Number of protein chains: 2
Amino acid sequence: MDISNILDQIHLLPEQSKLELQNNISEIAFPKGHILLKANKIEFNIYFIKKGLVRAFIERDNEVTFWFGKEGETVISMKSYVEDQPGYENIELLEDCELYELKTENLRKLFHEDVHIANWGRKFAEKELIKTEERLISRQFKNASERYLELMKDHPEIIKRVQLGHIASYLGITQVSLSRIRAELK
Amino acid sequence: MDISNILDQIHLLPEQSKLELQNNISEIAFPKGHILLKANKIEFNIYFIKKGLVRAFIERDNEVTFWFGKEGETVISMKSYVEDQPGYENIELLEDCELYELKTENLRKLFHEDVHIANWGRKFAEKELIKTEERLISRQFKNASERYLELMKDHPEIIKRVQLGHIASYLGITQVSLSRIRAELK
DNA sequence: TAGATTTTTTATCATTTGTTAAATTTTTTC
DNA sequence: GAAAAAATTTAACAAATGATAAAAAATCTA
């Protein structure tokens, strides 16, 4: 997905502001397995996914995946972006990826210079918030097999492209449990 | 908590912008039990809590509480605010409340007129996002009794001021289960 | 303050999910 | 395409949580 579409999809911008923003964005590619963002480290860039698939995970005793990002989505350490604090997430590329890179510092400057870009940034956070809120509620309402069915319905491509262990951990259950759920659905 | 502090706490504003915002805010009070926002309805106001305590819940077979708001916090139907869509939450006052009221429509106008207010709105969404993300992760990492201990540590006043059934549902377990967990902690 | 109502706890049994280990299937590599 | 490695499924048992009902405690109300 092309950068112009990605930016528009977040919030429409006047041509001039959009060019301003695009002037600060460059392209970069990494292979499958690359760790794009590291936990406990302040990150200075955000990325938009042109092509490929990534996951965010936290390391404790075990790894817990809590987000998948695909074409058109934004890869960001919210803690770094919002609070200048080290974030808790690692971002691993699950496929070879083509990315658009934007320095947080430059984006911040634009936020204060251009009201349209400030509102674009506001919309970005608001939309991410809605998605996160919906996941939290799904978590509170639904049991594991309902959450799996929901994922199949809303993001079938994730299930095709990602290995089961990551999906299980995203759903908040063990891989064995997910395997059992899949067996019951047959 | 006074409106000036509430606004500052979200993001500092130049005096002029802050006055502009405050000019659009009025005070209002409701008794315990009042339903401030209704599910499946587009809401036109947002509120800041001067005094009191509220909860957000969703109604299905049973009620599920998914948020508590106290002094200084913002009451908002994110779906209405962001997407002009009916939201899923009901907001019930758990205590008599004094509130500051702001029309979404007026806030939107200010977002486009004043870059400082646009950035204030951006910060608001970003901070809410961080909080929601942390709750989602806590949910994924911790079992019910760990989540209860976390709530006791981070928000002890919630446990004092809210009845157990609501807390249990907020933690994603039944009241009986929470009672059992509390018994084991003794 | 007594009785009624609401909230919280306890008990019992059922269901879901976790843990560990082994078997099977799929994918990768040479 | 055979061997090795990785991913997925199955099985058996343990632990956590749910459901229902009843008892106990706390709160409200007249």
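Chain letters run A, B, ... following the sequence lines, proteins first and then strands; every chain starts at 1. In this text, all values refer to a predicted model and were calculated from it rather than measured experimentally.
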Roughly how far, to the nearest 0.5 Å, is CG of A:Leu36 from CD of A:Glu89? 11.0 Å
Determine whether B:Glu157 and B:Glu71 satisfy the following criterion, side chain to side chain contact (heavy atoms under 4.5 Å, CB included), listing intermediate values before the conclusion. CA-CA 11 Å; B:Glu157 73 290 354; B:Glu71 287 80 12; over 6 Å; no
Between B:Ser138 and B:Glu150, do the side chains contain an N or O donor and an N or O acceptor separated by less than 3.5 Å? yes
Can you get from A:Ile117 to A:Leu12 by hopping between Ile, Leu, Val, Met, Phe, Trp and Tyr side chains that sit under 4.5 Å apart? no
For atom CD of A:Glu105, is the number of surrounding heavy atoms from other residues, nucleotides or ligands below 6.0 Å larger than 12? no
Starting from the 5' end of DNA chain D, give me the residue, B:Lys32 or B:Arg147, whose nearest nucleotide shows up first. B:Arg147
Below 4.0 angstrom, which residues in residues 135-146 of chain B have at least one non-hydrogen atom near DNA chain C? none
Given the rule in the salt bridge (charged side-chain N to carboxylate O under 4.0 Å, His left out) test, do B:Lys18 and B:Asp8 qualify, once you have shown the distances and angles that lead to the verdict? CA-CA 9 Å; B:Lys18 192 164 154 186; B:Asp8 282 348; 2.9 Å; yes
Between A:Glu98 (side chain only) and A:Gly52 (backbone N and O only), is there a donor and an acceptor less than 3.5 Å apart? no
In whole angstrom, what separates B:Gln175's CD from D:dA26's C1'? 13 Å
Atom pairs, protein N/O to nucleotides 18-21 of chain D N/O, distance under 3.5 Å:
unit_1: D:dG18; atom_1: OP2; unit_2: B:Thr174; atom_2: N; d: 3.1
unit_1: D:dG18; atom_1: OP2; unit_2: B:Thr174; atom_2: OG1; d: 3.3
unit_1: D:dG18; atom_1: OP2; unit_2: B:Ser177; atom_2: OG; d: 3.1
unit_1: D:dG18; atom_1: N7; unit_2: B:Arg180; atom_2: NH2; d: 2.9
unit_1: D:dG18; atom_1: O6; unit_2: B:Arg180; atom_2: NH1; d: 3.1

Does NZ in A:Lys41 sit with more than 12 non-hydrogen atoms of other residues, nucleotides or ligands closer than 6.0 Å? yes
Atom CD of A:Glu184 and atom P of D:dA11: how far apart are they, to the nearest Å? 12 Å
All pairs passing ring-ring contact (aromatic ring centres under 6.0 Å, His included) where residues 68-126 of chain A contributes a residue, at least two apart: A:Phe68-A:Tyr170
Based on the rotation axes of five pairs at each end, what angle does the helix from C:dT1-D:dA30 to C:dC30-D:dG1 bend through, to 10°? 50°
What are the bounds, 5' to 3', of the part of DNA chain C that sits under 4.0 Å from heavy atoms of chain B? C:dT7 to C:dT12
Assess whether side chain to side chain contact (heavy atoms under 4.5 Å, CB included) is satisfied between A:Val162 and A:Arg55, documenting all intermediate values. CA-CA 9 Å; A:Val162 178; A:Arg55 71 174 178 124; over 6 Å; no
Within residues 157-167 of chain B, find the residues that approach DNA chain C with a heavy atom at under 4.0 Å, and present them sorted by residue number. B:Gln163, B:Leu164, B:Gly165
Nearest 0.5 Å, please: how far is CD1 in A:Ile49 from CD1 in A:Ile91? 8.0 Å
Given B:Leu7 and B:Phe48, is the side chain to side chain contact (heavy atoms under 4.5 Å, CB included) satisfied, shown in steps? CA-CA 9 Å; B:Leu7 299 179; B:Phe48 304 99; 4.3 Å; yes
Do the side chain of A:Ser80 and the main chain of A:Glu43 share a donor and acceptor less than 3.5 angstrom apart? yes
Take A:Glu63 and A:Ser169, measure what side-chain hydrogen bond (donor to acceptor under 3.5 Å, both in side chains) needs, and give me the verdict at the end. CA-CA 8 Å; A:Glu63 278 184 6; A:Ser169 121; over 6 Å; no
Could you state the interatomic distance from CG (A:Leu136) to CD (B:Gln140), rounded to the nearest 0.5 Å? 10.5 Å
